[in-house]
Asks: 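One structure, as structure tokens, below. Some questions next.
One is the number of the first residue; the rest follow in order along the sequence. Whatever order the structure lists them in is the order used to number ligands and atoms, beginning at 1.
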Amino acid sequence: MSIRNIDSFTHTRGESVYLDDIPLVNGTLFASVFGSPVAHGKILQINITEAASMEGVVRIFTYKDIPGKNQIGGIIPDETLLATDEVHYMGMPVVLVVADSAEIAAAAVKKITIEIEKYPVVTNPRTAHANGSLIVPPRTFKIGDSENIFENCTHIFEGVAETNGQEHLYIETQGAYAIPGENNSIRIISSTQGPTAVQKHSSEVLGIAMHRVEVDTTRLGGGFGGKEDQATSWAVFCALAAWLLKKPVKYSLNRMEDLRMTGKRHPYSSDFRIGLDKDLKILAYEVNFYQNAGASADLSPAVLERTLFHCTNSYFVPNVTAKAFSCRTNLPPNTAFRGFGGPQGMFVIEAAIAKAADALGIPAAEIQQKNLVKTGDEFPYGQKAASEANECWQKAIDLYEINKIKDDIIRFNNEQVLFKKGFSFMPICFGISFTKILMNQARALVHVYLDGSVNISTGAVEMGQGVNTKMLQVAANIFTIAPEKIRVNSTNTYRIANTSPSAASATADLNGKAVQIACEKILERLRVSAAEILACDAAAVEIRNGVVQVNQKAVSLNWDELVNASYLKRINLSEHGHYATPGINFDNTVEKGHPFAYHVYGTAFTTVTVDCIRGIYEIDAVKLVHDFGTSMNPLIDRGQIEGGLVQGIGWMTMEEIVYDEEGRLRSNALSTYKVPDIYSVPKELDIHFLETTNDNLAIFRSKAVGEPPLMYGIGTFFALRNAIKAFNPHSDIPFSAPMTPEKTLMALYSNK
Ligand code: LUZ
Ligand code: MOS
């Protein structure tokens, strides 16, 4: 049973509550952060006198005011909340200003000056690597023996591939609101994907136990990974100021602050070498990934790991050596972003295949299809594939009559001189589960009230992806009651403890299973109760469509009556469900295991037209076949595919993050950072729902859909490349994303 997104009415009417819609408590103060104007250096002196004397400025805090730990590192304790003696990136928080209004706070920040002794600035990950400046020791995933197998390869190609970062551009910027409570407690409303991270770091910075910190999140106006870890500091700033001043404090970043001070998708620079036999089977693949981590770890080590997990994308390669380096640079710490390092890894093997195809004068698809993983094939990390990647690929060819489209493209390119078309296939294979095994757990609290209505709380954060609707569907499905009888609560650390962030595409799976477990327990008690009331055998009792059935016949006892009667009998109508993904493991001493609950597959076929005079282009069509398992909400899932695809296209074609050599963000506004709009989406978008019934650990077999579609966007890069090749077969086209119109124009006329 699918239902409409439960947020659709309030969204449409503008009634949905985001951070800035929350009515302010009387006396609320406003925070603003002074960020370092220099990317690397030693702080000599900070001058706050003028700012402090401004009317309406309440207090100015430095690290010295922190009662607990000045530390907010998520994976590694290498990140201060406020700078102590050094700064490591431009925008790094140094001073916290609190004032009567947001405007005064922002104006006061502008009056602060700082003297810094400058140190050398590193923005390039390869330079950091050469300097030995790594966040964590390098990691290597290895299967077979690539070194020796290269000798047996008929064809060997090597090259460099680069992908740039990406700004999350959630519509709602980072922000939080902290309200002190009685007996040294504090309530924090935070636009975060990870309420527990906010709770934990607030408690550490304030030096109080976690049980005094309540974090509440109704919904986010987008997260995309940018609020998995990096919502924390803003919330902690509010908590710190609220705690010290005993007043409510709010901070809602303006867009330029947010762009400047927060991390983005990790840029990568990579070296590859690929070896094929005479039948185009990929025998060996070697790759070195240089990740631009920024100034502190944040989630970089985990992102790095997922790059390795996805370094062979949907292909079976028997001999792989993949090394990854997390390189420390003087940029804002880069962080989670939809795909979490996976897209960066996949891009490189697609580049390697494209390079081979170019050199051999064949379409990349010939190499791609020949090497797709088959059931039982082993990934470099030891897990075996449970599906055929070719299923989606072949379905796309048949369903969309792709051979006919290819013929049309060849004809077009023969006839046209100044416009050329290109196409590409982009297969995807994405592992579902947090790569950190312990994070694969979730809890749900389900209350059935004495009138029969139901209230659910989970650790899932609604950020537009529709997870609350899916949680409601799970309860409605188990109880078989109308969706209107169920309400989903805000995500709150007082109701649900120790939550994993809503991330890794796994939120609906993990929290949905927890809801399922809780609901099933309550349902079981209700069945027994009904049997007692009806004086029949419990095994004969079922609840269907809100009515009690005995031996499949409805009796005159409906859900509401049963619930109320059970309450009168003092039966427990509440349950706390706990779920931990079974069967997953990973041993990182040998880099082998079974880390993923399952994989999501798909194939996108992309066609583009390039204007060869101007270098501009259009995406004619993306036709894709996606493995949804058995979608529990096709409308919501379609939205995830559309949004993910377009976000991937943006990353691959137009979103160009520019930091200068001083570490200053030049693409610091929407005038200098172009994101996809309605005109840049594919003119035609076909999505085929491939129903797969493989046993999988997805909630109701509805496979995770959040991140995988982003990687279809990679196909656009290679389609553009092929169009350029059609215009100029000798063109030199670096594997350097994004393929902006400027780069396209340069490539069209390179070597000409
Ligand atoms: N976050 C995380 C993620 O902490 N671990 C992961 O494996 C992950 N994967 C995708 C997106 N976010
Ligand atoms: Mo994410 S990149 O699943 O927060």
Asks: Which protein non-hydrogen atom lies closest to atom 6 (C) of ligand 1, naming both residue and atom, and how far is it?
Replies: Phe340 CE2, 3.4 Å
Asks: How far is atom 7 (O) of ligand 1 from the closest protein heavy atom, and which atom is that?
Replies: Thr435 N, 2.9 Å
Asks: Would you say the side-chain atoms of Ser680 and Asp677 include a donor-acceptor pair closer than 3.5 Å?
Replies: yes
Asks: What do we get for Phe434 next to ligand 1 when only non-hydrogen atoms under 4.0 Å count, side chain, backbone, both or neither?
Replies: both
Asks: Does NZ or CZ of Arg219 fall inside the cone over Tyr18's six-membered ring, less than 6.0 Å from its centre and within 45° of the axis?
Replies: yes
Asks: Are Thr232 and His201 linked by a side-chain donor-acceptor pair shorter than 3.5 Å?
Replies: no
Asks: With heavy-atom distances below 4.0 Å as the criterion, list the atoms of ligand 2 near Phe337.
Replies: 2 (S)
Asks: Please check if the number of heavy atoms outside Ile76 that lie under 6.0 Å from its CD1 is greater than 12.
Replies: yes
Asks: May I ask you to identify, for Ala504, whether its side chain, its backbone, both or neither come under 4.0 Å of ligand 2 on a heavy-atom basis?
Replies: backbone
Asks: Looking only at N/O atoms, are Gln193 and ligand 2 under 3.5 Å apart anywhere?
Replies: yes
Asks: At a 4.0 Å threshold, what atoms of ligand 1 neighbour a non-hydrogen atom of Ala503?
Replies: 12 (N)
Asks: For Glu228, counting its heavy atoms only, list the atoms of ligand 2 lying under 4.0 Å from any of them.
Replies: 1 (Mo), 4 (O)
Asks: Is Arg306 touching ligand 1 with its side chain, its backbone, both, or neither, if touching means heavy atoms under 4.0 Å apart?
Replies: side chain
Asks: For Thr196 and Asn498, which I'm curious about, is there any donor-acceptor pair between the side chains at under 3.5 Å?
Replies: no
Asks: Answer with side chain, backbone, both or neither: which part of Ala504 has a heavy atom less than 4.0 angstrom from an atom of ligand 1?
Replies: both
Asks: Would one find more than 12 heavy atoms of other residues, nucleotides or ligands at under 6.0 Å from atom NZ of Lys69?
Replies: no
Asks: To the closest 0.5 Å, what do you measure between OG1 (Thr192) and CE (Met463)?
Replies: 9.5 Å
Asks: Glu707 heavy atoms, cut-off 4.0 Å: which ligand 2 atoms fall inside?
Replies: 2 (S), 3 (O)
Asks: Please state which option from Lys436, Glu707, Gln193, Glu228 has its nearest heavy atom closest to atom 4 (O) of ligand 1.
Replies: Glu228
Asks: For ligand 1, which atoms, with element, lie under 4.0 Å from some heavy atom of Met439?
Replies: 4 (O)
Asks: Give me the residue, atom name and distance of the protein heavy atom closest to atom 2 (S) of ligand 2.
Replies: Arg338 N, 3.1 Å
Asks: For residues Phe689 and Phe628, establish whether the separation of their ring centroids is below 6.0 Å.
Replies: yes
Asks: Between Tyr170 and Lys227, is there a cation-pi geometry (under 6.0 Å to ring centre, at most 45° from the normal)?
Replies: yes
Asks: Taking only heavy atoms of Gly225 into account, list the atoms of ligand 2 that are under 4.0 Å away from them.
Replies: 1 (Mo), 2 (S), 4 (O)
Asks: I'd like to know if the side chain of Glu707 pairs up with that of Ser505 as donor and acceptor (distance under 3.5 Å, no hydrogens or angles considered).
Replies: yes
